[in-house]
Amino acid sequence: MSNTTVSVPQASRLRLKIGPRQLLTAVFAAVGAGAVFLLFNAIIGGQCDSQCVIGTLNQSVRYAAPIALAAYCGLMCERAAVINIGIEGMMLMGSMVGYGVNVYAFTWMKQNGMDAATAGDISRALALGLAVVSSGLLALLHAVVSIRFKADQIISGTVINILAVGLTGYFYRQYLAQNIPPGPGTFPPFDIPLLGQIPLLGAIMFQGQKPIVYFMLVATLLIHYVLFYTPWGLRTRAVGENPRAADTLGVNVYRVRYINVLIGGLLAGFGGAWFTLEAVDVFNPQMTNGLGFIGLAAMIFGNWTPFGALAGALIFGLGNTINTTVSIFRPDIPSQIPQMLPYILTILVLTGFVGRAIPPAADGQPYEKQ
Amino acid sequence: MSSLVEERAPQTAGRAARLAMLDALGMPLLAILLAFVGGALIIWATSGDFGTVLAAYEGMISGAFIKTRGFSETLVATTPYIFLGLGLAIGFKAGLFNIGAEGQFYIGAISAVWAGIVFTGLPAILHLPIVMLAGALGGALWAGIPGFLKARTGAHEVITTMMMNYIAFRLTEFLVSVPLRDTLSSAVQTLRVSPNAELWSLWQIPQRLSDRLNALAVAIFFAALALALARWFVARGDMATRLTLSRRRVVVGGTGLAVGALAFFGLPALTQVWWPFSDQYDRLHIGIVIALAAAAAVWWLMYKTTLGFEMRTVGANPSAARYAGINISRNILITMALSGALAGIAGTIEVLGVSICRCLPLFFSSGYGFDSIALALLAKNNPIGIVGGAFLFGAMRNGADLMELNSGVSKYVISLIQGLVLLFVAAPSMVRYLLRMRAARKIEEEAPLTRGWG
């Protein structure tokens with residue numbers, strides 16, 4: 001059993017380190033991004049000016065949000081050694097609940113004489129909250145099945161995915177497929193006052209985004225801080241690397257795992273809500289389209305760190321944006337071909353052609369208290 | 001997963017074996033029962049009327065078995081489930097959690113359609129095997145890629161197979177709507193496969209068999225089946241000692257020849273005189289027979305061949321397998337390819353035997369591949385269990401439409417019940433907890449399917 005061997009966490013996992021290797025990576029990334037852009041511009045016939053570049057990057061951040069949140073969900077779980085492949089299902093649940101609550105709460109409030117603007121604000125907030133809670137409940141199920149009943153974590157995650165398809169499909173067909181009352185629509189975009197003024201970066205990240213995107217950016221910092229600078233983070237990482245040793249030192253392994261999986265589920269709920277409360281104002285049962293799994297790839301790409309995962313998510317977001325732009329400018333290219341690219345990229349990430357990754361040592365192993 | 005232990009049980013003690021049997025059979029049945037109870041609770045909670053629950057389940061049963069062609073439609077839906085369940089079970093037994101059956105199913109279907117379109121003028125005895133092979137190869141290739149990546153780089157199959165699913169959906173969509181599209185049809189669908197590549201519906205059989213070559217194909221199938229059975233029969237303990245090797249060969253060969261000849265001359269004549277299937281709207285096709293044969297073949301492969309033993313060993317304990325000199329990479333690749341081939345055949349059969357246009361339409365709804373994950377785990381990867389489970393899943397799928405019509409309960413409740421089945425199968429200790437049951441014996445540690453992403 002590998003959980004009896006003591007593993008030393010690498011320095012790079014503990015804090016952001018800027019050395020020659022990181023600089024080299026950054027240079028490669030910049031060159032790669034430049035090459036991608038030139039190719040992209042050639043495909044659409046040189047129609048992308050500087051305004052369009054900023055717009056593209058701004059949209060990439062938007063598309064990166066659900067992937068990053070999925071990745072953070074995976075990150076929180078796996079740092080405590082619980083593999084979570086049910087993220088896809090949790091997000092689907094979040095997006096269904098978000099949409100349903102948004103529409104029906106709005107209708108109910110309007111019928112009771114509230115004005116449309118206030119009702120819209122309240123119902124969107126309520127929808128976001130319940131989306132997060134519903135996803136958290138699924139995460140709790142995953143936690144109970146895999147921690148308390150020690151089922152195989154991959155199978156437990158699959159259970160979550162299948163259950164989520166069943167539940168969302170059931171409610172969709174029963175209440176959300178036809179005769180839906182008019183809803184209040186998605187969250188309105190807004191600018192962040194000071195950060196939005198930063199040249200370039202402000203226009204890309206902090207202007208015209210919607211709340212969940214901003215939440216995702218804040219969550220990156222928060223998770224980084226919690227994981228690497230607080231006692232809770234230390235315990236989490238200890239449980240992920242060597243639960244026996246952590247237990248010996250008085251850490252409640254089960255409690256740490258439960259709470260981390262729950263936090264992960266809440267994060268996935270935000271990711272799910274993004275689909276119906278930010279991206280589009282409809283729900284369909286295939287909405288999440290594998291983004292939960294792509295999030296896991298972003299997490300692996302980022303070597304189980306929040307900033308790394310964000311970088312991975314941004315790459316996928318950029319890929320998605322380029323797809324959409326290409327399909328607008330070049331309707332002659334069959335849209336299915338560029339649509340395959342994110343999935344191919346995910347496979348490349350996993351094979352280690354893009355970035356090498358070391359998972360937490362105890363990842364995926366149920367813990368048996370002695 | 002603890003199969004190596006289970007197999008030794010019958011020799012040691014009858015009581016232990018009976019308990020193991022009870023556990024192997026009882027737990028899945030309990031899981032199914034609990035899942036239906038769970039489904040009922042959800043219907044009750046959302047409709048607020050217990051009558052709806054009864055109407056829903058009553059509708060499901062009559063849709064699956066009682067209504068006109070209900071039972072044969074159930075068997076139509078059972079067929080792909082058998083193939084997919086077998087494919088996934090092979091993977092699970094060898095420790096590979098292939099969740100890409102859905103994509104392999106689509107690629108199998110489109111490969112078969114391609115082979116059905118490009119070859120023309122071939123007799124069915126050649127064309128049908130060719131399209132089947134094309135479907136199997138397509139599926140094998142599609143699953144082989146994640147297998148190769150796992151063997152070479154360690155990329156975890158759970159994510160790669162899932163990603164291959166999405167690539168398969170887009171690729172199929174592209175192939176259907178551009179290169180293989182039937183431009184004369186108003187619907188977006190592929191060209192129709194050549195009539196000789198179609199899988200025979202049961203009502204067509206008398207007419208199909210009147211062709212000598214088709215009769216020969218059927219005769220070969222039955223002769224092969226008889227050969228396999230006879231070989232198994234004479235190799236059993238008392239027979240093996242009573243007969244010499246050459247005698248056994250004569251018996252086996254003779255049986256095969258006799259059955260083949262009987263089928264070749266007898267079946268066409270018999271079906272002309274008497275054939276119970278005449279309903280031209282009945283979609284039941286010979287795929288179900290092929291599926292049952294495949295289940296037997298997979299059982300034989302897993303439990304009676306060196307390859308199967310190696311696969312099970314790798315699944316049960318990869319380190320031990322490596323020390324025993326088993327080539328793990330090769331095993332992963334073969335397992336994934338076989339798993340994908342079976343899924344590909346499922347897609348082939350669906351498109352050649354069930355699809356009304358005998359082509360692949362753009363909106364080719366499946367979901368079979370995802371359901372089969374629950375199916376294979378419910379059956380504990382046992383081929384016989386898979387046939388039973390496939391029948392249950394086929395019945396549920398087929399009964400769902402009438403259930404929705406009769407009771408207004410969304411047919412997605414089926415996925416919900418299947419999810420619950422999987423939940424209870426995945427965590428047997430949860431079932432014991434829910435029912436306040438005590439474990440009949442010390443449960444052996446089940447080796448986890450997964451070993452991290454490393």
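The structure presented is a predicted model; accordingly, all values stated were derived computationally and were not measured. Proteins get letters first, then strands, A, B, ... in listed order; numbering begins at 1 in each.
Contact of B:Val425 with chain A is not made at all, since no heavy-atom distance falls under 4.5 Å.
Nearest heavy atoms, B:Ser415 versus A:Ile162: O-CG2, 3.9 Å. Residues B:Gly419 and A:Val159 approach most closely at O-CG1, 4.0 Å, considering heavy atoms.
Chosen from B:Thr46, B:Val421, B:Ile414, B:Asp371, the residue pairing most often with chain A at heavy-atom distances under 4.5 Å is B:Thr46. Note on A:Thr346, A:Ile160, A:Leu163, A:Leu341: by heavy-atom pairs under 4.5 Å with chain B, the leading option is A:Leu163. Taking B:Arg152, B:Lys411, B:Gln418 one by one and counting their heavy-atom pairs under 4.5 Å with chain A, the maximum is reached by B:Lys411.
Using a 4.5 Å heavy-atom threshold, the side chains of A:Ile337 and B:Phe174 count as touching. Taking the side chain as every heavy atom from C-beta outward, A:Ile347 and B:Ile167 approach each other to under 4.5 Å. Two residues are said to be in side-chain contact when any heavy atoms from C-beta on lie closer than 4.5 Å; A:Glu88 and B:Met162 fail this criterion. No side-chain heavy atom of B:Asn165 sits less than 4.5 Å from a side-chain heavy atom of A:Tyr343.
Between the side chain of A:Tyr170 and the main chain of B:Leu416, no donor-acceptor pair closer than 3.5 Å is present. Remark: the backbone N or O of B:Leu171 is not paired with any side-chain donor or acceptor of A:Gln336 at under 3.5 angstrom.
Remark: A:Asn161 CG to B:Leu422 CG distance equals 10.0 Å, nearest 0.5 Å. Separation of atoms CD (A:Gln286) and OH (B:Tyr166) is listed at 9.0 Å; rounding is to 0.5 Å. Summarising the geometry, atom OG1 belonging to A:Thr158 is positioned 11.5 Å from atom CG belonging to B:Leu423; distances are rounded to the nearest 0.5 Å. Rounded to the nearest 0.5 Å, atoms CE (B:Met430) and OG (A:Ser156) are 9.0 Å apart. The distance from atom CG of A:Leu176 to atom OG of B:Ser410, rounded to the nearest 0.5 Å, is 11.0 Å.
For A:Phe149 and B:Tyr433, the distance between ring centers is under 6.0 angstrom.
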